Amino acid sequence: MYRTHNCGELNIKHCNYIVTLSGWVDSIRLMKNITFIDIRDFYGITQLLIPSIKKKIKKEYLIQIKGKVVKRKSPNYNINTGNIEVYVNKLKILNKSIKIPIDIKKEYSRNKVNLLKYRYLYLRNFNLKNNLIIKSKILNLIRNFFIKNNFIEIETPLLVKSTSEGARNFIVPYRKKKGYYYSLPQSPQTFKQLLMIGGIDKYYQIVKCFRDEDIRKDRQPEFTQLDFELSFINRKNIFNIIIKFIKYLLYKIHNIKFINIKILSYKYIIKKYYTDKPDLRFKIYEISKKYFKYYINSNYLNYKIYSLILPNYFNIIDINKYVIINLLKDQNNKVLIYNYKNSITNRLDKKVFKNINFIKNIIKKEFFSKKDLLLFLILNDNKNYKKLINKINNFLLRSKYLNNIYIPIIIYKFPLFKYRKGKFYSYHHPFTNPYNGKLINNINKIFADSYDLIINGIEIGSGSIRIDNYNMQKKIFNILGLSKNIIKKEFNYFLESLKFGTPPHGGMGIGIDRLILSLFNKKDIMDFIAFPKNYLNKDLMIKAPSKIIKI
RNA sequence: GGUUUGGUAGUUCAAAUUGGUUUAGAAUACGUGCCUGUCACGCACGAGGUUACGGGUUCAAAUCCCGUCCAAACCGCCA
């Protein structure tokens, strides 16, 4: 027997037990007549006490010991097993280790070669290991949620057909006929729609997807997606499921019971935040010059004025210090602070503003609660004001007060197409239904029945109500400029399928790694993948891609 | 595909102002020894470098130039 207990479970209750433990040597503290060894396994660290050590033990040796659990003279409160130690009387080396090329305990900056090359060693790192545990738990929660809601998990093929639409495909040569290829799927899109046509009412799948594009901090060439699709639903039905799902996760993970998920149109979002993935944990935006003549005094016409809404979870004293110190470096800049109270008592800085309604309006529309604050940042219109705003923005984003705040948004009513280089492209994908099921002549003004889920500025997933009508699908392909030949070769099977009584259906794909990033306020997708690829889409550990060795 | 930055002990990083005798350092890891209570143990000593590789310029190259390889960030791309 290799062990009676693991290295993370022994405590004061186990005193006088004779135990056997196996694990890696985490650290050695050697003295003349006494030696301490920290032994580590998946579950934790236990201190061993060895009166006289005879064997040569080095770091990362795998050892097995037998001994008695005793109370420590001086406890270490930093670890779970800190009250006890094991008085060793048998020690066996199970496997030796050479000097290791990375420092397991260290937190490295991103993407060091050795972290990827010796990824199996860095998996022994406490944080990385914990991240993988988190991911496993979340996958479990996801499955629970969908099973509870009567979805069934169905696998779709990974060897599929290459299409000219969308991201580049990874291709796989076909052995039986030269010049023919499979492609790895970018998503199970058409397959899940075919499942709906096949009468599978509610489907979900946790599935690998592949996109041959360059990576970013939140992007890998192969990634895991939560994919789901349902029949006989409309947009609102799906929003309800998304809301229920996010609430479920936040409750199970962070014990957050009340959360307000906003549903906003694309038009509104873009107009207001100039981005389709805003982070609403605080709001900072420039007040458009067109309002100036009504609301701003003429002395300030040449200034840039930003409004900054700070919800009550910020510590205003900290923010004050930073924002004001930064802004007032240049004496011409100015900061004005309003809360709910002094805006209704009509406090007005007459030097700057003409009209209190301006301020009241912002407060009415933008405040989450009456404890929020509205700051006006009145900036000299020199070249540095953008840098300053950026700095403040970054400062707020890094703030510890944001750590447990989640503001999910569902954005809907995207454009159906985007026009680029003389061609129309699908904004979402070519199977998306138009917003009210009808096309109009002005293609630029057609909206889509599609939606994105954003949490704290991270795009978690997107989906749509799909086209369930043969003619509509054909029209969309035509607008996209797909030739008859391409339609026939790439999508014939799909078009055909729409002729057989297709149910109304829709769904969504959610990037699981990004979901985790947003739920844990993390930035780097690699931290949640056991064996990630580097910036050239290479695996430095197994050295892939590689030439094929012919035997 | 484009732009930019970088490659120095096993590892993480410095310095070496414009080429000039620098001992190319530190921390950590490693080795040897000392230490009865450590827990990031401590202390002493030691070993460790063809400055990524190849070529060029020069009396002289870590430093300047060219090429190759490797790495990082951003843009493009991600229907």
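Just so it is clear, the model here is predicted, and its values are computed rather than measured. Every chain is numbered from 1, with letters handed out A, B, ... down the list of sequences.
For the C1' atom pair drawn from B:rC35 and B:rC43, the interatomic distance equals 8 Å after rounding to whole Å. B:rA52 and B:rC70 have their C1' atoms separated by 7 Å, with the value rounded to a whole Å. B:rU63 and B:rU22 are spaced 15 Å apart, taking the P atom of each and rounding to whole Å. Rounded to whole Å, the C1' atom of B:rG31 lies 25 Å from the corresponding atom of B:rA14. For the P atom pair drawn from B:rU68 and B:rA9, the interatomic distance equals 24 Å after rounding to whole Å. B:rU4 and B:rG76 have their C1' atoms separated by 15 Å, with the value rounded to a whole Å. Separation of the C1' atoms belonging to B:rG7 and B:rU12 is 14 Å when rounded to the nearest angstrom.
A donor-acceptor contact under 3.5 angstrom links the side chains of A:T156 and A:Q205, judged on distance only. Neither side chain, A:S74 nor A:R72, offers a donor N or O lying under 3.5 Å from an acceptor on the other. Using modelled atom types, one finds no donor on one side chain facing an acceptor on the other under 3.5 Å when comparing A:Y17 with A:T4.
You won't find any donor-acceptor pair under 3.5 Å spanning the side chain of A:E213 and the base of B:rG76, going by distance alone. Applying the 3.5 Å distance criterion, the base of B:rG76 shares a donor-acceptor pair with the side chain of A:R216. Contact of A:R72 with B:rC39 (side chain to base): a donor-acceptor pair of N or O atoms is detected under 3.5 Å.
In this structure, the NZ atom of A:K533 is 21 Å from the P atom of B:rC78, given to the nearest Å. In this structure, CE of A:M526 is placed 7 Å from P of B:rA73, rounded to the nearest angstrom. With rounding to whole Å, A:K418 atom NZ is found 13 Å from B:rG76 atom C1'. At whole-Å resolution of the value, CZ in A:F494 and C1' in B:rA79 are 14 Å apart.
Between A:R29 and A:D38 there is a salt bridge, since at least one side-chain N of the basic residue sits less than 4.0 Å from a carboxylate O of the acidic one. Salt bridge present: A:R40 and A:E60 bring a charged side-chain N and a carboxylate O closer than 4.0 Å. With respect to the salt-bridge test (charged N to carboxylate O, under 4.0 angstrom), the residues A:D227 and A:K192 qualify. Note on A:D539 versus A:R119: no salt bridge recorded, every NZ/NE/NH1/NH2 to OD/OE distance being 4.0 Å or above.
A:L230 approaches A:M196 most closely through the heavy-atom pair C-SD, 3.5 Å. Shortest non-hydrogen contact noted between A:K129 and A:F42 is NZ-O, 2.8 Å.
Of the listed nucleotides (B:rC39, B:rA71, B:rC35), B:rA71 has the atom at the smallest distance from the side chain of A:Y535. Side-chain proximity of A:A167 to B:rC74, B:rC78, B:rG37: nearest is B:rC78. Side-chain proximity of A:Q47 to B:rC74, B:rC39, B:rG1: nearest is B:rC39. Checking B:rA71, B:rG31, B:rC35 against the side-chain heavy atoms of A:K58 singles out B:rG31 as nearest.
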Write down the protein N/O and nucleotide N/O pairs, taken from nucleotides 8-11 of chain B, whose separation is under 3.5 Å; answer none if there are no such pairs.
{"unit_1": "B:rU11", "atom_1": "O2'", "unit_2": "A:Y108", "atom_2": "OH", "d": "3.2"}

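In this structure, A:S27 reaches the B:rC41 phosphate: one of its side-chain N or O atoms is under 4.0 Å from OP1 or OP2. For A:R219 and B:rC77, the shortest distance from a side-chain N or O to OP1 or OP2 is not below 4.0 Å. For B:rC39, the OP1/OP2 oxygens have no side-chain nitrogen or oxygen of A:N78 closer than 4.0 Å. Between A:R29 and B:rA40 there is no side-chain polar atom (N or O) within less than 4.0 angstrom of OP1 or OP2. Under 4.0 angstrom from either OP1 or OP2 of B:rC35 there lies no side-chain N or O belonging to A:N33. Applying the 4.0 Å criterion to OP1 and OP2 of B:rA29, one finds that A:K105 has every side-chain N and O outside that range. Look at A:K32 and you won't find any side-chain N or O under 4.0 angstrom from OP1 or OP2 of B:rC41.
A:L416 comes within 4.0 angstrom of nothing in the nucleic acid, heavy atoms only. Residue contacts shown for A:S426 are limited to sugar-phosphate atoms, with no base heavy atom under 4.0 Å away. Residue-level contact check: A:K56 touches the backbone only, with heavy atoms under 4.0 Å from sugar-phosphate atoms and none from bases. Within the nucleic acid shown, A:K59 comes within 4.0 Å of sugar-phosphate atoms alone, with no base atom in reach, counting heavy atoms only. Residue contacts shown for A:P51 are absent, as no nucleic acid heavy atom lies under 4.0 Å away. Residue contacts for A:K423: at a heavy-atom cut-off of 4.0 Å it reaches no nucleic acid atom on any strand shown. Within 4.0 Å (heavy atoms only), A:T81 reaches no atom of the nucleic acid at all. Here A:E85 lies in heavy-atom contact (under 4.0 Å) with a base.
The closest side-chain heavy-atom distance from A:I465 to A:I238 is below 4.5 Å. A 4.5 Å side-chain heavy-atom check between A:Y435 and A:I446 finds every atom pair outside the cut-off.
Shown here, B:rG48 is classed syn by the O4'-C1'-N9-C4 or O4'-C1'-N1-C2 angle, which is within 90° of 0.
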Item to check | Under the 3.5 Å Watson-Crick or G-U criterion, the dot-bracket string of RNA chain B, with | for inter-strand pairs | outcome: (((((((..((((......[....)))).(((((.......))))).....(((((..]....))))))))))))....
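Results of the salt bridge (charged side-chain N to carboxylate O under 4.0 Å, His left out) test with A:D26 over A:R124, A:K105, A:K59 single out A:K105 as the only residue that passes.
With RNA chain B read from its 5' end, the first of the two nearest nucleotides for A:H429 and A:L49 is the one closest to A:L49.
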